[in-house]
Amino acid sequence: MKRTIVAVACVLLAGPALAQSLGEKTGVNSALGVAPTTADFVKEVAISDMFEIESSKLAEQKGNAQEKSFAQQMVTDHTKTSGELKGLVGNGKVQATLPTALDSSHQSKLDKLKSATGKDFGSDYNSYQVSAHQDAVSLFDRYAKGGDNAALKDWAGKTLPALKHHLDMAKELGKAPSVGQSK
């Protein structure tokens, strides 16, 4: 019953005047498996890509060898998806506004990484990567299944396998390599 009330409240409160719907902001849509609106999807993907790129540039400088290698892959892949998203919005196939800066939540995480060193940096970066990729997999999966823009829905579906791979890689950060495993 509580879930129904929360879901109904989120739907009623999530008007188009908000930059991001309450359902996405609170995680209710994710918990219920509801597809994000196109505007929410575009905003979250753009912010996620910005955070991935900026935090991974820090990891390329401050991280251990494993983190640096992962970070290089994140900068490459998320620069690519960011460009693809900008292309979809820029060519008119997707009607949405791309954010130009991180939201306060992602900015505070980035600020924390900027001041962290050594094991503290690695611990924070690694946990942020797992969390960010879990969120991204959920977001892309929900949009690919139920999004309302065909071009964006197709792109989300094509991008999802890479994000799942990123999540698997992120979960391995900080773990010792297996005996006999070569890099």
Side-chain angles (χ1 to χ4, degrees), residues 3 7 10-11 14 19-57 59-60 63 66-103 105-106 109-110 125-175:
R3 246 189 208 178
C10 287
V11 170
Q20 182 180 24
S21 73
L22 191 58
E24 278 304 312
K25 194 177 281 189
T26 61
V28 170
N29 285 0
S30 180
L32 298 175
V34 175
T37 65
T38 295
D40 282 349
F41 181 77
V42 168
K43 179 181 179 186
E44 287 194 36
V45 170
I47 288 173
S48 177
D49 276 347
M50 283 188 271
F51 178 74
E52 285 300 321
I53 293 164
E54 293 306 313
S55 65
S56 293
K57 283 179 180 177
E60 287 177 323
Q66 183 188 32
E67 291 158 354
K68 286 180 180 183
S69 175
F70 175 82
Q72 288 171 344
Q73 186 74 49
M74 294 307 100
V75 170
T76 299
D77 290 356
H78 287 281
T79 299
K80 178 180 179 246
T81 56
S82 186
E84 291 169 351
L85 181 63
K86 286 177 184 172
L88 286 165
V89 172
N91 71 14
K93 289 185 179 180
V94 176
Q95 299 299 313
T97 303
L98 286 165
T100 56
L102 293 173
D103 59 13
S105 169
H106 286 90
K109 289 177 184 176
L110 190 62
Y125 177 73
N126 299 351
S127 72
Y128 290 162
Q129 290 303 309
V130 171
S131 175
H133 284 96
Q134 286 171 332
D135 291 347
V137 166
S138 168
L139 182 72
F140 275 74
D141 184 57
R142 289 182 291 120
Y143 199 88
K145 289 178 181 171
D148 57 9
N149 179 289
L152 200 56
K153 192 173 171 178
D154 181 56
W155 178 75
K158 288 178 181 173
T159 306
L160 189 57
L163 293 173
K164 288 180 178 179
H165 180 64
H166 289 177
L167 176 58
D168 291 341
M169 291 168 50
K171 288 178 178 178
E172 294 302 312
L173 289 172
K175 292 183 180 177

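As the structure is a computational prediction, the values presented were derived from the model and not from experiment.
Surrounding NZ of K57 are at most 12 heavy atoms belonging to other residues, nucleotides or ligands under 6.0 Å away.
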Determine, stepwise, if the pair S55 / M74 fulfils side chain to side chain contact (heavy atoms under 4.5 Å, CB included).
CA-CA 9 Å; S55 65; M74 294 307 100; over 6 Å; no

Step-by-step side chain to side chain contact (heavy atoms under 4.5 Å, CB included) determination, H78 to L163:
CA-CA 10 Å; H78 287 281; L163 293 173; 4.0 Å; yes

Just do the side chain to side chain contact (heavy atoms under 4.5 Å, CB included) check on K171 and Q129 with the steps written out, would you?
CA-CA 8 Å; K171 288 178 178 178; Q129 290 303 309; over 6 Å; no

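Legend: residues meeting side-chain hydrogen bond (donor to acceptor under 3.5 Å, both in side chains) with D77, ordered by chain and number and at least two apart, are Q73, H166. Legend: residues meeting side-chain hydrogen bond (donor to acceptor under 3.5 Å, both in side chains) with D154, ordered by chain and number and at least two apart, are K158. Scored by the side chain to side chain contact (heavy atoms under 4.5 Å, CB included) test, K153 finds Y143 as partners (sequence neighbours excluded). In this view, Y125 and S56 satisfy the side-chain hydrogen bond (donor to acceptor under 3.5 Å, both in side chains) rule, not counting sequence neighbours. Residues passing the side-chain hydrogen bond (donor to acceptor under 3.5 Å, both in side chains) test with E54: none are found, sequence neighbours excluded.
Formation of a donor-acceptor pair under 3.5 Å by the H165 side chain with backbone atoms of P161 is not found in this model. Side chain of D49 to main chain of S82: a donor-acceptor pair is present (N/O by atom type, distance under 3.5 Å, no hydrogens or angles). Without hydrogens or angle criteria, T79 side chain to V75 main chain gives a donor-acceptor distance under 3.5 Å. Using a distance-only test at 3.5 Å, with no hydrogens or angles considered, no donor-acceptor pair links the side chain of S69 to the main chain of Q66.
Separation of atoms CG (L167) and CG (L160) is listed at 10.5 Å; rounding is to 0.5 Å. Here the CG-NZ distance, from L139 to K43, works out to 12.5 Å after rounding to the nearest 0.5 Å. A distance of 8.0 Å separates CD in E44 from NE2 in H106, rounded to the nearest 0.5 Å. The distance from the CG atom of L110 to the OG atom of S105 is 11.5 Å, given to the nearest 0.5 Å.
At a threshold of 4.0 Å, the pair D168-K164 does not count as salt-bridged, since none of the basic side-chain nitrogens sits closer than that to a carboxylate oxygen.
Contacts classified as side chain to side chain donor-acceptor pair (under 3.5 Å) and involving residues 84-94 (residues at least two apart or in different chains) are given here: K80-E84, E84-W155.
For the side-chain contact (heavy atoms from CB on, under 4.5 Å) test with L85, the passing option among T159, L98, V94 is L98; the others fail.
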